Amino acid sequence: KKKYGGKVTYGMPDSSTYNLVFNFNRKSYKYTGHKTDEEKQATQEAIRNVNFRKALRAAFDRNAYATQRTGNTELANKMLRNTMTKGDFVAVNGDTFSMAVQKNLKDKESVKGDLNDGKDAFYNPEMAKKYLEAAKAEGVKFPVKLDLVAFSAGSLFVNQANSMKKSVEAATNGQILINVIEEKDQDKYTSITYTVEDAKDNDWDISNATGWGPDYLDPRSYLNIYSPVNGDMMKSLGINAKVSKFYNDSDAAAATALKLNEYQELLTTADNIHSDLNKRFEAYAKAEAWLTDNVLQIPIACLPVVYRVSKIKPFTGIYAPAGPSDRKFKRMIVTKEIVTADEYNKAKTEWMNKRLKK
């Protein structure tokens, strides 16, 4: 930044969303700080309480968490994502998808500002206290202890876990405690996170070992991953999808407790709209709003946004938020001089406005 003053720009956030998930039906306890069956049961009951999940989300400083990767709070903030679907993935009636989501929220008080990418819309210690009290009134017993397994061979994963622990415990005055368990063997770590075949093998209460990127240009590519019928990432919630050969009475009971049938109905409604994209995307925004209101998962960030200098004329190349377009040179124009930040920002504003109008 010092060398190229006035000419430093930022890469566009990618379409991947890395998030925090809850184990709604935990069966395995090899990695745990829980000492009694009563503690295990109390934690499971808390996780299934929506106000408890809202308290955790409001207590989680995601900017501090992302800074562990970037080393810079400015860049970290630009990575932040407030919806599972990338905020500007598609336009809905001339606005971003995330703003269409916000219009459909039932608990608008949970959001600080707006849901567009590049800001922390949820971190609010005062709201965390409010949600804690609501959870207590509904029978949640505090303090609640949560197991989080971190891959310790890379310091980044441990630093991120400890950052989450610090902000959550501080904002809740120790009412939510995160037990960071370090695992240095990568095969063992992935066997209880990324590569489980049966949801019962997820050995944690909360996990940041999960993320998703879209395969095609429709919000369905994100949102169907949590379909209780056939969602690709249902296992990351501790529940097998109904289509799975592992689906059992315990999975069904957990899905019922979370009222996932309501989410499925919203997905089905959206999926059946084919002739009007605005109506289709609006319907999917309602499904995303359900995810947000119920805190089925907590979006954190995309892949890192980095400082750069460039001689590529801004937004002359082809673009799509899914697929291989970012690896193509078609229509790209290279200039003689490095593009200034002012030139880039002006071009970006014009380009974004055109995208929304389309």
Side-chain angles (χ1 to χ4, degrees), residues 1-21 56-89 96 98 112-125 148-171 178 180 182 186 189 193-194 206-214 297-310 312 314 319 321 326-327 338-342 344-345 348 352:
K1 291 186 75 175
K2 184 176 181 181
K3 182 177 180 180
Y4 295 100
K7 298 179 180 179
V8 175
T9 57
Y10 311 92
M12 290 285 289
D14 82 325
S15 297
S16 58
T17 300
Y18 294 88
N19 56 342
L20 182 74
V21 290
L56 176 61
R57 183 176 63 185
F60 180 16
D61 186 344
R62 295 178 298 149
N63 183 278
Y65 176 97
T67 300
Q68 306 307 313
R69 180 182 286 275
T70 65
N72 179 300
T73 57
E74 180 183 30
L75 289 177
N77 213 50
K78 294 181 181 298
M79 291 170 55
L80 297 186
R81 184 148 293 157
N82 299 305
T83 48
M84 187 67 199
T85 307
K86 186 176 186 291
D88 62 354
F89 188 62
T96 61
S98 57
K112 181 176 58 179
D114 62 65
L115 287 175
N116 283 323
D117 294 343
K119 62 190 74 175
D120 194 335
F122 298 114
Y123 180 55
N124 189 333
L148 169 64
V149 183
F151 179 44
S152 62
S155 60
L156 168 64
F157 303 101
V158 176
N159 290 345
Q160 287 178 327
N162 284 326
S163 173
M164 185 193 309
K165 173 183 174 69
K166 181 179 180 180
S167 67
V168 169
E169 292 184 358
I178 296 179
V180 178
E182 298 185 24
Q186 187 169 6
Y189 175 70
T193 53
Y194 292 107
I206 56 173
S207 177
N208 57 351
T210 180
W212 189 258
Q297 48 80 50
I298 300 175
I300 302 176
C302 64
L303 285 173
V305 177
V306 298
Y307 292 129
R308 68 179 185 183
V309 291
S310 176
I312 298 171
Y319 172 82
D326 61 342
R327 295 184 287 277
I338 294 174
V339 175
T340 68
D342 287 341
Y344 177 83
N345 290 332
K348 181 179 179 181
M352 285 294 296

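Start at 1 with the first residue, then count along the sequence. Keep in mind that what you see is a predicted model, and the values were worked out from it rather than measured.
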Just jot down the side chain to side chain contact (heavy atoms under 4.5 Å, CB included) partners of K348, sequence neighbours excluded, or say none.
M12, F315, Y344, M352

Between the side chains of T73 and N63, is a donor N or O closer than 3.5 angstrom to an acceptor N or O?
no

Assess whether side chain to side chain contact (heavy atoms under 4.5 Å, CB included) is satisfied between F60 and M164, documenting all intermediate values.
CA-CA 6 Å; F60 180 16; M164 185 193 309; 3.6 Å; yes

Which pair of heavy atoms, one from E182 and one from V158, lies closest together, and at what distance?
OE2-CG1, 3.6 Å

Among D120, D88, D117, find the one that has a salt bridge (charged side-chain N to carboxylate O under 4.0 Å, His left out) with R81.
D117

Do T96 and S98 have side-chain N/O donor and acceptor atoms under 3.5 Å apart?
yes

For T17 and N19, test the side chains for any donor-to-acceptor distance below 3.5 angstrom and give the result as yes or no.
no

For F122, give me all partners under ring-ring contact (aromatic ring centres under 6.0 Å, His included), at least two apart in sequence or on another chain.
none

Listed by chain and number, what are the ring-ring contact (aromatic ring centres under 6.0 Å, His included) partners of Y189, not counting sequence neighbours?
F151

Could you tell me whether D114 and K119 have a side-chain N and a carboxylate O separated by less than 4.0 Å?
yes

K1 NZ: over 12 foreign heavy atoms closer than 6.0 Å:
yes

Decide side chain to side chain contact (heavy atoms under 4.5 Å, CB included) for K3 and V309; before the verdict, give the C-alpha distance in whole Å, the side-chain angles of both, and the deciding distance to 0.1 Å.
CA-CA 10 Å; K3 182 177 180 180; V309 291; over 6 Å; no

